[in-house]
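Everything on this sheet refers to the single structure shown next.
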Amino acid sequence: MSSSTSLRTARRRTVRVAAAALIAAAGLTLTACAGSNAADARSAGRTDTSSAAAGSTASGWSGLQSTDAKADVLGKQSGGAHTAKGAKAASPARTQRLADGISTAEIYKLGDQHYRAKIVARGSVLATLETKGHDDGLDANDMFVTLTLDGQVHSWMGGGHQGPGTFKLAGGWTAKVTKVGELRYRAQIIGHDGVAATLETNQHDAGLDANGIYIVLSSGGVISAHA
């Protein structure tokens, strides 16, 4: 083979090698671009998903921007506690000044023959009377108070008798007071025809309307009556 022929052959091989290198380089570039585009696409997908989630959160709470809307949702979550909080407290049917000149009775009607009287002095509730099938009474430091089944309050000062014993009361009644236990006394209210009623304390004072004569028996055994 001549030297010129060998030179041409070598040139062709060089061109083919160079071409192959160019093709390989182009392939690498295309692969790199494709990988970059895919990564961008995946990144974009994550960004879109995050944006969508953020948008969903913003949309879900968008109604809570106002105070009223927040209160409404919080109220539903807490079972409507905000409504109960805002409800007005019951008002007494009437108030009445008591015999000591300081206390008042706030009288509430709870039902048929069911009344409650709060004894209030200087803004504080000192005691509560309640009728529930029977009259109620209270000895408040020698001021006696009764609450009757029809919601009437009567009060007077003094006139107490310390039991046990038998005592004459207003209206022609007689009270026979006996001790039956710790802070437990019983009083039989006796009229012309015998025992007409019985009062009994069980760590709680008791009261009675005996035909317009109001009687209180305290848990300490003191009994008082007033017309």
Side-chain angles (χ1 to χ4, degrees), residues 87-192 194-227:
K88 292 183 178 179
S91 298
R94 69 182 192 280
T95 60
Q96 180 177 326
R97 180 73 67 179
L98 299 181
D100 64 357
I102 299 171
S103 308
T104 58
E106 295 181 352
I107 302 145
Y108 301 79
K109 183 172 184 178
L110 306 180
D112 188 27
Q113 293 190 331
H114 189 182
Y115 288 84
R116 179 179 296 145
K118 294 181 180 180
I119 310 303
V120 180
R122 299 183 178 92
S124 298
V125 177
L126 304 180
T128 301
L129 297 172
E130 186 169 338
T131 65
K132 204 170 183 181
H134 57 78
D135 303 326
D136 201 2
L138 172 69
D139 175 4
N141 295 327
D142 208 35
M143 178 180 72
F144 298 91
V145 185
T146 60
L147 175 65
T148 64
L149 283 171
D150 60 356
Q152 300 301 311
V153 170
H154 299 270
S155 65
W156 64 95
M157 300 295 297
H161 305 278
Q162 176 65 60
T166 301
F167 310 100
K168 292 291 184 180
L169 302 179
W173 296 103
T174 298
K176 183 179 180 180
V177 180
T178 56
K179 184 174 183 178
V180 293
E182 186 64 27
L183 295 178
R184 290 191 63 182
Y185 285 83
R186 181 180 296 131
Q188 291 180 317
I189 310 303
I190 304 168
H192 299 295
V195 177
T198 299
L199 287 172
E200 187 165 332
T201 68
N202 188 2
Q203 300 184 359
H204 185 281
D205 301 342
L208 175 68
D209 174 5
N211 295 332
I213 303 299
Y214 305 100
I215 305 171
V216 170
L217 174 65
S218 78
S219 59
V222 174
I223 192 165
S224 182
H226 191 267

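- Judged purely by atom type and a 3.5 angstrom limit, Ser224 has no side-chain atom pairing as donor or acceptor with the backbone of Val216.
- A donor-acceptor pair is defined here as one N or O able to donate and one able to accept, closer than 3.5 Å; no such pair exists between the side chain of Thr166 and the backbone of Thr174.
- Although no hydrogens or angles enter the test, the distance criterion places no donor-acceptor pair under 3.5 Å between the side chain of Ser103 and the main chain of Leu98.
- The shortest side-chain heavy-atom distance between Pro164 and Tyr185 falls under the 4.5 Å cut-off.
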| field | side chain to side chain contact (heavy atoms under 4.5 Å, CB included) evaluation trace for Leu110 with Glu130 | value | CA-CA 9 Å; Leu110 306 180; Glu130 186 169 338; 3.9 Å; yes
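- Evaluated for a side-chain contact (heavy atoms from CB on, under 4.5 Å) with Leu217, the options Asp205, Thr198, Val177 yield exactly one hit, Val177.
- Using modelled atom types, no side-chain atom of Asp136 and backbone atom of Gly207 make a donor-acceptor pair closer than 3.5 Å.
- Distance alone, capped at 3.5 Å, is enough to place a donor-acceptor pair between the Gln96 side chain and the Val153 backbone.
- For the residue pair Ala225 and Ala170, the shortest heavy atom distance occurs at CB-N, 4.2 Å.
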| query | Does the pair Val145 and Asp100 meet the rule for a side chain to side chain contact (heavy atoms under 4.5 Å, CB included), with working shown? | reply | CA-CA 11 Å; Val145 185; Asp100 64 357; over 6 Å; no
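- Atoms OG and CD, on Ser219 and Glu182 in that order, are 9.5 Å from each other to the nearest 0.5 Å.
- When the shell of 6.0 Å around CG of Asp150 is examined, it contains more than 12 heavy atoms from other residues, nucleotides or ligands.
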| Audit row: His161, Leu169, side chain to side chain contact (heavy atoms under 4.5 Å, CB included) steps and yes/no | CA-CA 9 Å; His161 305 278; Leu169 302 179; 4.2 Å; yes
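- A 4.5 Å side-chain heavy-atom check between Thr146 and His226 finds every atom pair outside the cut-off.
- If you take CD1 on Ile223 and CH2 on Trp173, they are separated by 12.0 Å, rounding to the nearest 0.5 Å.
- Paired with Phe144 under the rule side-chain contact (heavy atoms from CB on, under 4.5 Å), one option of Leu138, Ile215, Val222 passes, and it is Val222.
- For the atom pair CD1 of Ile102 and CE of Met143, the computed distance is 9.0 Å after rounding to the nearest 0.5 Å.
- Taking both residues in full, the closest heavy atoms of Tyr214 and Trp156 are given as O-CH2, 3.3 Å, listed atom of the first, atom of the second, then distance.
- Residues Ile107 and Pro92 are not in side-chain contact: their nearest non-hydrogen atoms beyond the backbone lie 4.5 Å or more apart.
- Scanning both residues, Lys118 and Tyr108, for their nearest heavy atoms gives CD-CE1, 3.9 Å.
- A 4.5 Å side-chain heavy-atom check between Arg116 and Leu147 finds every atom pair outside the cut-off.
- No donor-acceptor distance shorter than 3.5 angstrom exists from the side chain of Glu200 to the backbone of Ala206, with no hydrogens or angles considered.
- No donor-acceptor distance shorter than 3.5 angstrom exists from the side chain of Arg186 to the backbone of Leu199, with no hydrogens or angles considered.
- To the nearest 0.5 Å, atom NZ of residue Lys179 and atom CZ of residue Arg184 are 12.0 Å apart.
- For the atom pair OG1 of Thr201 and CG of Asp139, the computed distance is 11.0 Å after rounding to the nearest 0.5 Å.
- The OH atom of Tyr115 lies 8.5 Å from the OG1 atom of Thr148; values are rounded to the nearest 0.5 Å.
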